Amino acid sequence: AYGMSAADDTFNQSINVYFDGSDEPVVDAAASDATVEQKDGYVSITPKTEGVEVILSGSGTAGGVKVGGDYPVKFVLNGLDLSCKDSAVVRSTSTNTCYVVLSKGTTSTLTEGSENSNKGVLMSKGSIIISGTGTLKVVGAADKHAIYSANGGVTIQEGEVIVEEAGGDAIHAETDFQMDNGTLSIRKPAGDGVDCAGSITVNGGSITYENSEADTKGLKCDGNIEFN
């Protein structure tokens, strides 16, 4: 049931998480079959069945969200402005695909804390597919990647993605990177712009890269780089 686009899939259970600046974000999981735990502003969700989407909004300076389990994960970023001191801001620990949908007309900002113990700010064990017509801004602080897939690839189908001053690579994928449309703006990462172990394919959209660091590259991979 799960293809290459979140828009084509059936995520019929919604969990709404609203960060209001307190230690306990407002979570509405009544329409889903999942367990939810909270501690110090961090929300951990474990779906019991497939088809769960997590809608994130609000703002906070000490919060984050993690979705576990074995199913595909869909995050809807709906004007979220969130930072986390010691962990990834948005994370999926499922090895299935992680869909990130940027709501139309919204800007979501994920800001890394200086003590991030994970390897990315937005990260997943599985592949990451970004879609939607909103804007995602990722701001790095520690020596981690901004967008990181531990075991899969990263695809940008549409939307505006901005990476500011990542401590590692702006985008790091264990397999391939693909861009179909939208814009990717990378500004002053300590590492490379895009670094992956597979191939890089650009089918459309635009990529800009600004960096004065020595020994870094805008696009880096172990396979082929193809512009279509």
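Computed from a predicted structure; not experimentally measured.
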Per-pair distances, 0.1 Å, donor-acceptor, side chain in residues 197-204, under 3.5 Å, sequence neighbours excluded:
| residue | atom | partner | partner atom | Å |
| --- | --- | --- | --- | --- |
| Ser199 | OG | Asn224 | N | 3.3 |
| Asn203 | OD1 | Asn228 | ND2 | 2.7 |
| Asn203 | ND2 | Asp180 | OD1 | 2.9 |

- [ ] Assess whether side-chain contact (heavy atoms from CB on, under 4.5 Å) is satisfied between Val100 and Ile147, documenting all intermediate values.
- [x] CA-CA 11 Å; Val100 179; Ile147 299 172; over 6 Å; no
Taking [Y] as the starting point, is it possible to reach [X] by hopping between hydrophobic residues whose side chains are less than 4.5 Å apart?
X: Ile128; Y: Tyr148; answer: no
X: Leu77; Y: Met123; answer: no
X: Tyr42; Y: Val90; answer: no

Got a donor-acceptor contact below 3.5 angstrom from the [X] side chain to the [Y] backbone?
X: Thr175; Y: Gly153; value: yes
X: Glu158; Y: Gly132; value: yes
X: Gln157; Y: Ile129; value: no
X: Ser108; Y: Leu80; value: yes

TODO: Test side-chain contact (heavy atoms from CB on, under 4.5 Å) on Ile207 and Val194 and set out the steps.
DONE: CA-CA 10 Å; Ile207 301 174; Val194 176; 5.8 Å; no
Distance only, no hydrogens: is a donor on one side chain within 3.5 Å (strictly under) of an acceptor on the other, for [X] and [Y]?
X: Tyr18; Y: Asp20; answer: no
X: Ser14; Y: Glu53; answer: yes
X: Thr109; Y: Asp81; answer: no

Open item on the list: Counting only heavy atoms from other residues, nucleotides and ligands, does the tally under 6.0 Å from CG of Asp70 exceed 12?
Closed with: no
If you take all heavy atoms of [X] and [Y], which pair is closest and at what distance?
X: Asp192; Y: Lys217; result: OD1-N, 2.7 Å
X: Ile15; Y: Ala34; result: CD1-CB, 3.9 Å
X: Glu160; Y: Leu102; result: O-CD1, 4.0 Å
X: Ser57; Y: Asn78; result: CB-O, 3.4 Å
X: Gly152; Y: Ser127; result: CA-OG, 3.4 Å
X: Ser92; Y: Val73; result: OG-CG2, 3.5 Å

TODO: Starting at CD1 of Ile156, measure out to CZ of Phe177 and round the result to the nearest 0.5 Å.
DONE: 4.0 Å
TODO: Hey, could you give me the CG/OH distance between Asn211 and Tyr209, rounded to the nearest 0.5 Å?
DONE: 3.5 Å
Task: Test side-chain hydrogen bond (donor to acceptor under 3.5 Å, both in side chains) applied to Thr155 and Gln178, step by step - done: CA-CA 5 Å; Thr155 298; Gln178 179 175 313; 5.0 Å; no
With heavy-atom distances below 4.5 Å as the criterion, would you say the side chains of [X] and [Y] are in contact?
X: Leu82; Y: Leu56; answer: no
X: Lys144; Y: Asn118; answer: no
X: Thr35; Y: Glu37; answer: no
X: Pro47; Y: Thr49; answer: no
X: Lys137; Y: Val139; answer: yes

Task: Listed partners of Asp169 passing salt bridge (Lys or Arg N to Asp or Glu O under 4.0 Å), at least two apart - done: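 Asp169 satisfies salt bridge (Lys or Arg N to Asp or Glu O under 4.0 Å) with no other residue.
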Task: Full working for side-chain contact (heavy atoms from CB on, under 4.5 Å) between Val36 and Val43 - done: CA-CA 7 Å; Val36 179; Val43 180; 3.9 Å; yes
TODO: Could you point out which residue of Val52, Thr46, Ile45 forms a side chain to side chain contact (heavy atoms under 4.5 Å, CB included) with Val67?
DONE: Ile45
Open item on the list: Is there a side-chain contact (heavy atoms from CB on, under 4.5 Å) between Cys98 and Phe75? Walk through the geometry before answering.
Closed with: CA-CA 8 Å; Cys98 175; Phe75 292 109; 3.7 Å; yes
Open item on the list: Can you classify the ring geometry of His172 versus His145 as parallel (below 30°), tilted (30 to 60°) or perpendicular (above 60°)?
Closed with: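 Correct class here is parallel.
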